[in-house]
Amino acid sequence: MAASRSDDRLPPLVWAALLTAAALMVAPLVWTLLLSLKSNAELVGNSGAALGGPYTLENYGAIFGNSSTMRWLLNSAIVSLGTTAGVLVLASLAGYGFARLDFPFRRSLFVLVLLGLAIPSQAVILPQHQLFATLGLHNSYPGLILPGLIGPFGVFFMTQYMRAIPKELDEAAMLDGASRFTIFWRVILPLTIPAQSTLAVFTFLGSWNDYWWPLISATRSDMYTLTVGLAASQMNYAQTSGLGFLMAQAVFASIPIFIVYIIFQKQIVRAMAGAALK
Amino acid sequence: MPGLQLRNIRKAFKGTEVLAGVDLDVAPREFIAFLGPSGSGKSTLLRIVAGLETSDEGEVILDDRRIDTLPPGDRGVAMVFQHYALYPHMTVRENMAFGLKNARVPRAEIDGLVTDAARTLEIEELLDRKPAQMSGGQRQRVAIGRAIVKKPRLFLLDEPLSNLDAALRLRTRVELAQLRQRVDAGVIMVTHDQAEAMTLADRIVVFNDRRIQQVAPPMEIYSRPANSFVARFVGSPAMTIIPARLADGGAFASVLLGNGTRLDTQVPTDGLPGSGAVEIGMRPEGVRVCGQGQGTTDAEVQLVERLGERSLVYARLDDGAAITAEDAGTTSAKVGDRVGLSIDGAAAHLFGPDGTGYHRAAA
């Protein structure tokens, strides 16, 4: 985008409104950060103490002092990255199939996939738990990753994106002697990179923040993800007597998300703007 | 037999027939244009040759090898698509090398072939660009380059010039003509632009209504159209075709126009249909505007198109038949004028009740 010209400048009133809105959005985050930098003892009496010094990193020290935290971080990374990779592979392959291959019941199957979007995960949690228990998959990485791979949205998203790629490219590649797989791998897939990165970011964020399924599936502390682990390590009266520590945990858990957001800001904004297909 | 042979190609889409048994022989190194209106089956036939569609019946034979059973990449044909279909994420070099890589041509050889083709097309400086960084004309050249580099035995061009603006289209047409002198392969070009077909092709195949209407060199298509469809479709403005009746005559047919005007043609009477009802066809250049009462017949001017070096005068005979005539660029004819039309009977064509064309004896 070209540098903003003077006549593009916002009127002062709009500026003020935007600033106010932004401040309202940021305030809880800043409050969280400030609380995390105060000792628990100081906050018990008056959480308003967070507004003034002295600040300390002792709560963060406590997080790292818990030897399990690094393990949970690793678990979260493995599960989130594994889920993301799996979703990309499956959604791309399925999307290519729906967008390009001609097979019986293609339409009906696609509708079936779309119907999957309408089923809340809560509705299937009991049978899912039962199934994973029977398969002996609880407390394992596959157990944490597999449910996340069921991604009707990803399939739908990739199908629509691939449908928008001109078929002439496939035909040109066929005349260039490319096999079906070469067409997928060398021609279509590289053209879906914008969609892939958007899908990757959303899948990663969703998986990283997921609390419910890991809470059910990972019952052994060494298989906790960060969200479950941090929640489990809270003391009984954390809301009152461990406020600083609680907030430090929240900040710590959101750091990776923050990093992902900074790196993929463009994709996220584009996806939110609904312009990912162009 | 070298070259391309199509034998009884039939194709239907969901029960709708689009090709009703097409036979065609293309000589090696021949430039063939498929010309016809939309939906006439010309593009489908090209795609069947390319292997992008399968025919329901028939055989495609290229240089003595049946190719309709082979995948597109193994047929020895290369295609230039209407919208270029360059791979957007690859550079020009990669676009051109893609087919060779798939054919497992050694890397060093690929580089040589790509460089040669780029030099021929004068696109060397574009080799490291991506399609989005090029103009339409440049993309077109790259698309041609991608086809050339494979050294196919047959080039298939699907309306290759239709996406270019008028000036570039003319230039590229000339370049295509020069290019075909340099490649050792046949060319089939689909077009609905008759000027392209006339200027580029050795022979034109005119399609209509699921069938080939005529296969002939451009001038023969123009001067001896096989039927009234070809006569109307080729030539701009279209040939005037009006009903007439055969009059008694000698070796050459004479006809009476609807308004009673008698016209002596040079179409031999031999072979003409027995009954008297025919149609007569006249190109505008065979009908000149002259003073009222001085020509073959009189007519009323409906519209005058001034094209600069000449004018086209659309007129109507007394019986209502529309006829297109030519006049000088400085014509004084105006809408509503009564003018004389001098019809050159030697340039007239006759069409039988079934549309079959009859022409003066070949020179």
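Below, read A as the first sequence line, B as the second, and so on, with proteins coming before strands; counting in each chain starts at 1.
When each of B:Leu4, B:Val205, B:Val60 is checked for a side chain to side chain contact (heavy atoms under 4.5 Å, CB included) with B:Leu24, only B:Val205 meets the rule.
The aromatic ring centres of A:Phe252 and A:Trp72 sit 6.0 Å or more apart.
Among the candidates A:Ala172, A:Ala173, A:Gly177, the residue making the largest number of heavy-atom pairs closer than 4.5 Å to chain B is A:Ala172. Of the listed residues (A:Lys167, A:Glu168, A:Arg186), the one with the most heavy-atom contacts under 4.5 Å to chain B is A:Glu168.
Note: B:Glu159 CD to B:Met189 CE = 9.5 Å, rounded to the nearest 0.5 Å. Distance check: A:Gln122 CD to A:Gln128 CD gives 10.5 Å after rounding to the nearest 0.5 Å.
Contacts between residues 83-100 of chain A and chain B, defined by a heavy-atom separation under 4.5 Å, are made by no residue at all.
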> Between B:Glu53 and B:Thr44, does a side chain to side chain donor-acceptor pair (under 3.5 Å) hold up when you go through it step by step?
Replying inline: CA-CA 7 Å; B:Glu53 302 281 358; B:Thr44 304; over 6 Å; no
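Contact annotation for B:Ala103: neither backbone nor side-chain heavy atoms come within less than 4.5 Å of a heavy atom of chain A. Residue B:Leu156 does not touch chain A at all, counting heavy-atom pairs closer than 4.5 Å. Looking at B:Val77, the atoms closer than 4.5 Å to chain A (heavy atoms on both sides) sit in the backbone and in the side chain alike.
Look at B:Asp193 and B:Arg173 and you find no salt bridge, because none of the NZ, NE, NH1 or NH2 atoms lies under 4.0 Å from a carboxylate O.
A cation-pi arrangement is absent between B:Arg47 and B:Phe13 under the rule of less than 6.0 angstrom and at most 45 degrees off the ring axis.
The ring-ring contact (aromatic ring centres under 6.0 Å, His included) check on B:Tyr84 picks up nothing, with sequence neighbours excluded.
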